**Student:** 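Right, I'll just put the structure down here and ask away after.
Within every chain, numbering begins at 1; the chains are lettered A, B, ... in the order of the sequence lines, protein sequences first and strands thereafter. What's counted below: heavy atoms across the whole structure, side chains too, no hydrogens, waters or symmetry copies. Keep in mind it's a predicted model, so treat the numbers as computed, not measured.
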Amino acid sequence: MKKIEAIIRPFMLEEVSKALTNFGIHGMTITEVKGFGKQGGYLEVYRGEKREVRFLPKIKIEIIITEDLVDKVIEIIQKTASTGNVGDGKIFVLPVENAVRIRTGEQGLEAL
Amino acid sequence: MKKIEAIIRPFMLEEVSKALTNFGIHGMTITEVKGFGKQGGYLEVYRGEKREVRFLPKIKIEIIITEDLVDKVIEIIQKTASTGNVGDGKIFVLPVENAVRIRTGEQGLEAL
Amino acid sequence: MKKIEAIIRPFMLEEVSKALTNFGIHGMTITEVKGFGKQGGYLEVYRGEKREVRFLPKIKIEIIITEDLVDKVIEIIQKTASTGNVGDGKIFVLPVENAVRIRTGEQGLEAL
Amino acid sequence: MSRRFLSLAIGIWFFGLPRTSFASEGLNQGDIAWLLTSSAFVMIMTLPGLALFYGGLSKRKDVLNTMGMSLIAYALASILWVIYGYGMAFGEDIYGVIGNPGKFILSKLPKDLPATSASSITENLFIVFQLTFAAITVALISGAYIERMKFSAWFVFSILWFTFVYAPVAHWVWGGGFLAKLSALDFAGGTVVHINAGIAALVGVLVMGKRRMPFLMPHNLTMVILGTGLLWFGWFGFNAGSALSASGLAAQAFLNTNTAAALGAVSWLLFEWLVQGKPTLLGFASGAVAGLVAITPAAGFVNTIGAIVIGVLSGIIPYLAVTYLKPQFGYDDSLDVFGIHGVAGILGCLLTGIFADPSINNAAGLLYGNPSQLWVQLLSVVVVGAYCAIVSLIILLIIKSTLGLRVRPEDELVGLDESLHGEKGYNLHI
Amino acid sequence: MSRRFLSLAIGIWFFGLPRTSFASEGLNQGDIAWLLTSSAFVMIMTLPGLALFYGGLSKRKDVLNTMGMSLIAYALASILWVIYGYGMAFGEDIYGVIGNPGKFILSKLPKDLPATSASSITENLFIVFQLTFAAITVALISGAYIERMKFSAWFVFSILWFTFVYAPVAHWVWGGGFLAKLSALDFAGGTVVHINAGIAALVGVLVMGKRRMPFLMPHNLTMVILGTGLLWFGWFGFNAGSALSASGLAAQAFLNTNTAAALGAVSWLLFEWLVQGKPTLLGFASGAVAGLVAITPAAGFVNTIGAIVIGVLSGIIPYLAVTYLKPQFGYDDSLDVFGIHGVAGILGCLLTGIFADPSINNAAGLLYGNPSQLWVQLLSVVVVGAYCAIVSLIILLIIKSTLGLRVRPEDELVGLDESLHGEKGYNLHI
Amino acid sequence: MSRRFLSLAIGIWFFGLPRTSFASEGLNQGDIAWLLTSSAFVMIMTLPGLALFYGGLSKRKDVLNTMGMSLIAYALASILWVIYGYGMAFGEDIYGVIGNPGKFILSKLPKDLPATSASSITENLFIVFQLTFAAITVALISGAYIERMKFSAWFVFSILWFTFVYAPVAHWVWGGGFLAKLSALDFAGGTVVHINAGIAALVGVLVMGKRRMPFLMPHNLTMVILGTGLLWFGWFGFNAGSALSASGLAAQAFLNTNTAAALGAVSWLLFEWLVQGKPTLLGFASGAVAGLVAITPAAGFVNTIGAIVIGVLSGIIPYLAVTYLKPQFGYDDSLDVFGIHGVAGILGCLLTGIFADPSINNAAGLLYGNPSQLWVQLLSVVVVGAYCAIVSLIILLIIKSTLGLRVRPEDELVGLDESLHGEKGYNLHI
Ligand SMILES: Nc1ncnc2c1ncn2[C@@H]1O[C@H](COP(=O)(O)OP(=O)(O)O)[C@@H](O)[C@H]1O
Ligand SMILES: Nc1ncnc2c1ncn2[C@@H]1O[C@H](COP(=O)(O)OP(=O)(O)O)[C@@H](O)[C@H]1O
Ligand SMILES: Nc1ncnc2c1ncn2[C@@H]1O[C@H](COP(=O)(O)OP(=O)(O)O)[C@@H](O)[C@H]1O
């Protein structure tokens, strides 16, 4: 089992999740996060006081899947979430050792 | 060290965290997330415009613990968070390589 | 590649992220989370109804970096985020297997 | 026929004195201007005032449903009032019990007809002003029922309660009914509005039972403060408008209202600070509302010292009701409609019988040598309370056995906004 | 010269009857008090009422820009009105087409001069009251344009549209222009305000094209409810203030306004409940606004039954326009300014020609034996609609080919708050 | 005795002319209606207006405390005003320095007594109206102190400052004190309210020192816009109500108020757009408030051209004060109470001495041949500023050395809502 963590632009979520569902992924969790990267921030000025806002709104998608799906899922996300501009985000892959479905107590692959 | 990531229903948090504290867990971090799974979404209609809301509010609990506690903690969460209905959520286990307590700089197991 | 997850006090973010940027880290993701630990909660009273608030606002910083930077990054976070009081937070290190830059599709170390 | 004028008639019969120094000989644009303004002020108390006050106190997942209960109550009462409500409350008295609903607003009503022959405002204006009182009374009840009730049940309840409780009680006290004939004092609605709503609230929560999450978790206290401000503001129309004239009496009611609200707020805050160690903003808001409720029946009868005493007590007695009485008995009055409106309403009604100063409005209380007034006040509390309790109970039981009162438990957990309305209060992610 | 008085003059010429029972012999403080109050009420409709209503309906990332469009429209209209707008609308009539803008407010205007010789209020007060109408009309349009338009383009559009559309149309209908001479009925602005704004909205979205994210995603419905409450409240000044006196006519307009709003809200909610299975709060709010819009031209002409019919229809017809017409034609009217203000405005304008009851205000509609009134109403819809469409189009095309109308696509995605203003609506993390 | 009437008396003595064309012979319901309304309008400025304006500008973790400072100031001033404040400000003059506080409101005051023999409103109404001014002045100061001050310290400060600064200064300018005798012009409170509050703000932040997080991070700008709207709305009562009559003068003050506010808003926005490249909504709001402040002393003295000039300057001078003066000197005036209220207050006070037009209100400024008025205005700025600075300093030092002024550093970081009140503004997770 692997965990895919993808950081994407907020307004790309709709398309990415649609593509993943079409592919057959039927479980994921998203979080509103803020990201800081190569993408420049912007300036906020409150009554003449300037503040650089470096952390921009992003969405983190987390999907736990079996190993064989990893490459395909990465590909789908990468394609649908890309606009070609700096700030499109990143995908990370982490190892997962076990999964449990709370409703039933099932463990391992069956829990996904 | 392992990291337990549990996605549960928001209003189950109170009970789960109470059970975990009683068991002796005295450290955890929670995040408001949104989940998408087998549980059906629902329809929102704004002035006749229909939108299916597939992402439902969930709470993610993260606990880093020593390996020997993993099974017991999973059991506790699974029992207290379960309502028997689709959408109860999932528990995942991930490997953790190190921990540091910021206040003191202690590392490893002592940091938990 | 490793993932550093640091849970810090909200108002420490500014300083920590400045220190990390100065060191040369140019990518991170933050999330508003709530933490529960040794730090005591506080009491909220709404019309005489007491509720103990055990979960306090924290910020989670996530940074994916190459292995060689891990120790240095931990040190920087630990130093700048510490106030010496209970509740300063924790840093965890997790293994990461791959990274992809969405914009370009680059994989592995180049994606960071 | 109309409320103040009727009590004026009684006042004259009782004391042999004219009630205000502004004799109303024909319509007066100044009085009309103030009553138009006051009507708008009372309207804003419900929509959005009360909706915000209650909505901010609700859980996030129930905010729209909570606000919606106030909104629909306002709208339904607005409609029914012009169709038959005004007639039932202020129509020709039938045996002291009810007005003749034959006086339909739908029938021709000349637009410049004075409300009574002695009146300086027009009847259509009096209808508008009274309408806003009917509307807020129904809306007030909803605060007790939130986070568990079906929207359809509330819809039907609003209609029935408006018809069978509000209209008759308004007739008794203001429309020339038997309590008016007994000279019960209720300047702006302590009995008709607040006790009435408070009792219906209590009965309802006993019938419906506890929520699945029976605790107060205000999701947005800034909204509660905004609501409190709008209520306080609108209450000037409620109380000073009830003078039915732009006069020294209106000004006195205004001053008394502000004084009692301020003292209610400060005394609740200080009392809580003392007892629990921290002054809370919710305490300030709760005390302000309690002070406003308690001064309501008294606003045009007491002098400033009376207002001060009423204010101080209204910051303490409802606090005790909410903090000790409720847990003691274990009823789940979600937003303390009984604890605040019911208790402070009774408090104010009785204190009016003590502090009424004849130099203000020709009505004397215990302190001014008229102990019998206190008994009349007590009587009106008991009669209105009992009637309201019984009829509310019947209405609730009928709805329970037909439509059902409560949503499904899972809908309650998920939140009523999503399950009943298919909407979310906030969409903050895009 | 001034709007109501002019139609009074026509009324007398037409029916040979005085229009109100309050003869205005000299200034009257009661009338002045009510008009001062009404002016403040109409002001609050835009700032913050409409700004909140629209802001809550916008996406979170665009909330400040959306609110800002209303704010700047209010401020610009305020400034231009005192410089030349009032003169253009209410100055000495030139061939029925425009007022003489020579009547600059900047020139000496005695502060106690009556608005007309027959008037009970002063001219500077009439200027203030009318100012608030001009301001809200411009602001209303913005709801259709949000989430895509340059702030600079809106700034310039506001100035040009105010000058070349609002001022002339106000002159035609209220300032003694040709529609006034034809005796078109528009009590408080169905044609001048709502149809005008609705048509400009429609033309604008056709010129600008669809947004990148062309769907409704209200980021804060509690804010929408608050805005609705303030609109409803302020509308009492809008409609009852348009009686230009504290009178039975004002009270009738007040009552009609509340009745139609309540019925609009309830009928939209019930209709939606029936058709889509759930009653929504946004439906309630939308219906309330539609009811308020539809009653606007009629408020001081119809009786309560007229108000009821107008209210019920305004909860259904605009609903159909928004739900079926818009998707059918595919124009991207962000917040349904055409669907609600335009459609309900036309509805109300025509129904006024049907339900106008001579016992209210000496003007008769179809039902009272004057079928020609309906034709006059229709004519005023067509004339105003056509003029507004053409001039709005010209203004928009000029701006498009100079400044440009739309922001860059990436700015639209990121949100206009950040890209145009460098601000965020909410900073909730610290 | 009462403020406007006293200056009327002086006016007559000075110019030998009656001040308004409405002779007040006995009470007038129209005037009373407008003053009742105005009192409610000024009330809404503080609660919830100012509370929202300041609360939205504060950090999320301090929002309730920030709002609470305004709330408690309003409530305390309300209470103290009826006990002794009104007596100190408007009681019988003692050597031009203070009123005789023996005139306790608690003593019998007939409800229909005119405020003065020449007055058309009652004294209890005048008390109410003036109360709202006292309350907002104290509340205004809090904006400078937020995010660091103990709630107990603010509680005590409010009481002492109200007693030893507000009441005497109000007496000097409006209650027949020495500045009134010098004929200093302050129509609605430029000196008494805004300069007074601005100076106290500056002194306080110098005594308390910088916050741990000394920067502006508005947590909710929609709340700021709502607050701005309510302030603007209420300001019509503040300024037009200060005519103490429903009259052409009131209408002129209303129009001037709106004009200056609109120009302040637009000029701040444009100036910022020019200088910093983006127009901000906070700039609009700040400019609107600055314009409202600057027109306050002038509203009933200047003509429309005067209002336009005042408006334009108030969008620029305070902007410069906030953007350049504050960083230069490094004081931590959290929400720019000095920079906006103090600076715009001084600006307006001086410009009144330049633009006062005798055709409006029988007072002439520099431009109308009365250069000495400017000196009188300057004198009143200096005298009030100096007195306020000294007494505020003494009060602050006494509190500092007893209760302490500031919270513990860790409480400041965590936020005052949690640490002082045990509450959270928002609970959005359930
Ligand atoms: N090393 C990293 N660790 C964690 N998150 C990162 C890292 N680098 C980038 N991110 C996340 O990815 C987002 C996009 O990265 P950025 O460098 O701005 O653009 P791009 O990925 O197109 O080069 C950032 O806002 C941040 O949330
Ligand atoms: N593969 C997955 N990866 C990440 N999160 C998941 C995955 N599957 C489910 N979840 C999370 O668990 C929640 C519950 O899952 P769901 O399929 O609806 O019900 P159940 O677990 O009872 O079958 C989802 O809302 C989502 O947040
Ligand atoms: N075992 C754990 N797993 C996950 N998060 C933890 C754990 N222990 C602590 N934390 C996080 O770290 C924060 C600080 O921990 P706490 O015990 O209060 O203070 P300290 O780290 O200074 O001893 C907590 O609020 C929580 O968010």
**Student:** Can you name the residues of residues 410-419 of chain F that have some heavy atom under 4.5 Å away from a heavy atom in chain E?
**Tutor:** none

**Student:** Side chain, backbone, both or neither: which part of F:Asn303 has an atom under 4.5 Å from a heavy atom of chain E?
**Tutor:**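 Contact with chain E is through the side chain of F:Asn303 alone.
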
**Student:** Please determine which of E:Phe133, E:Phe254, E:Phe41 meets the ring-ring contact (aromatic ring centres under 6.0 Å, His included) test together with E:Phe238.
**Tutor:** E:Phe133

**Student:** Quick check: do E:Lys424 and F:Pro218 have side-chain heavy atoms less than 4.5 Å from each other?
**Tutor:** no

**Student:** With a 4.5 Å cut-off on heavy-atom pairs, point out which of F:Leu221, F:Asn220, F:Leu281 contacts chain E the most.
**Tutor:** F:Leu281

**Student:** Go through F:Ser334 and F:Tyr54 one step at a time and tell me if the side chain to side chain donor-acceptor pair (under 3.5 Å) criterion holds.
**Tutor:** CA-CA 10 Å; F:Ser334 310; F:Tyr54 281 172; over 6 Å; no

**Student:** Without hydrogens or angle criteria, can the side chains of F:Ser359 and F:Tyr368 be said to hold a donor-acceptor pair below 3.5 Å?
**Tutor:** no

**Student:** Out of E:Ala51, E:Ser78, E:Pro114, E:Gly30, which one racks up the most heavy-atom pairs below 4.5 Å with chain F?
**Tutor:**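 Of the options given, most contacts go to E:Ser78.
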
**Student:** Is it the backbone or the side chain of F:Leu35 that comes under 4.5 Å from a heavy atom of chain E, or both, or neither?
**Tutor:**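 Neither part; nothing is under 4.5 Å.
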
**Student:** If I take atom CD1 from residue F:Ile310 and atom OG1 from residue F:Thr259, how far apart are they, to the nearest 0.5 angstrom?
**Tutor:** 11.0 Å

**Student:** Could you verify whether a donor N or O on one side chain and an acceptor N or O on the other, from F:Glu272 and F:Thr280, lie under 3.5 Å apart?
**Tutor:**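 Yes - a donor-acceptor pair under 3.5 Å links their side chains.
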
**Student:** Under a 3.5 Å cutoff, is there a donor and acceptor pairing between the side chains of E:Ser120 and E:Asp31?
**Tutor:**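 Yes, a side-chain donor-acceptor pair sits under 3.5 Å.
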
**Student:** Using a cut-off of under 4.5 Å on heavy-atom pairs, state which of E:Leu71, E:Leu47, E:Val63 scores highest against chain F.
**Tutor:** E:Leu71

**Student:** Quick one: what part of E:Leu420 sits under 4.5 Å from any heavy atom of chain F, side chain, backbone, both or neither?
**Tutor:**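 Contact with chain F is through the backbone of E:Leu420 alone.
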
**Student:** Shorter than 4.5 Å, heavy atoms on both sides: which option in F:Gly234, F:Ala265, F:Ala262 has the most such pairs with chain E?
**Tutor:**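 When all of F:Gly234, F:Ala265, F:Ala262 are compared, F:Ala262 has the most.
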
**Student:** Report all side-chain donor-acceptor pairs from residues 223-233 of chain F shorter than 3.5 Å, counting only partners two or more places apart or in another chain.
**Tutor:**
from	atom 1	to	atom 2	distance (Å)
F:Thr228	OG1	F:Val224	O	2.7
F:Trp232	NE1	F:Asn258	OD1	3.1

**Student:** Heavy-atom cut-off 4.5 Å, strictly under: side chain, backbone, both or neither for E:Thr132 against chain F?
**Tutor:**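 It is neither, since no heavy atom gets under 4.5 Å.
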
**Student:** Please rank F:Phe284, F:Phe236, F:Tyr426 by heavy-atom pairs under 4.5 Å with chain E and give me the top one.
**Tutor:**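 Of the candidates given, the most pairs with chain E belong to F:Phe284.
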
**Student:** Does F:Lys59 make a cation-pi contact with F:Phe215, if we ask for NZ or CZ under 6.0 Å from the ring centre and within 45° of the axis?
**Tutor:**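 So F:Lys59 does make the cation-pi contact.
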
**Student:** Out of curiosity, E:Ser119 OG to E:Leu244 CG, how far, rounded to the nearest 0.5 Å?
**Tutor:** 7.0 Å

**Student:** With a 4.5 angstrom heavy-atom cut-off, could you sort out which part of E:Ser39 is near chain F: side chain, backbone, both or neither?
**Tutor:**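 E:Ser39 touches chain F through backbone and side-chain heavy atoms alike.
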
**Student:** How many angstroms lie between CG in F:Asn361 and CZ in F:Phe187, if you round to the nearest 0.5 Å?
**Tutor:**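 The CG atom of F:Asn361 sits 6.0 Å away from the CZ atom of F:Phe187.
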
**Student:** Less than 4.5 Å to any heavy atom of chain E: does that hold for the side chain of F:Thr37, its backbone, both, or neither?
**Tutor:** side chain

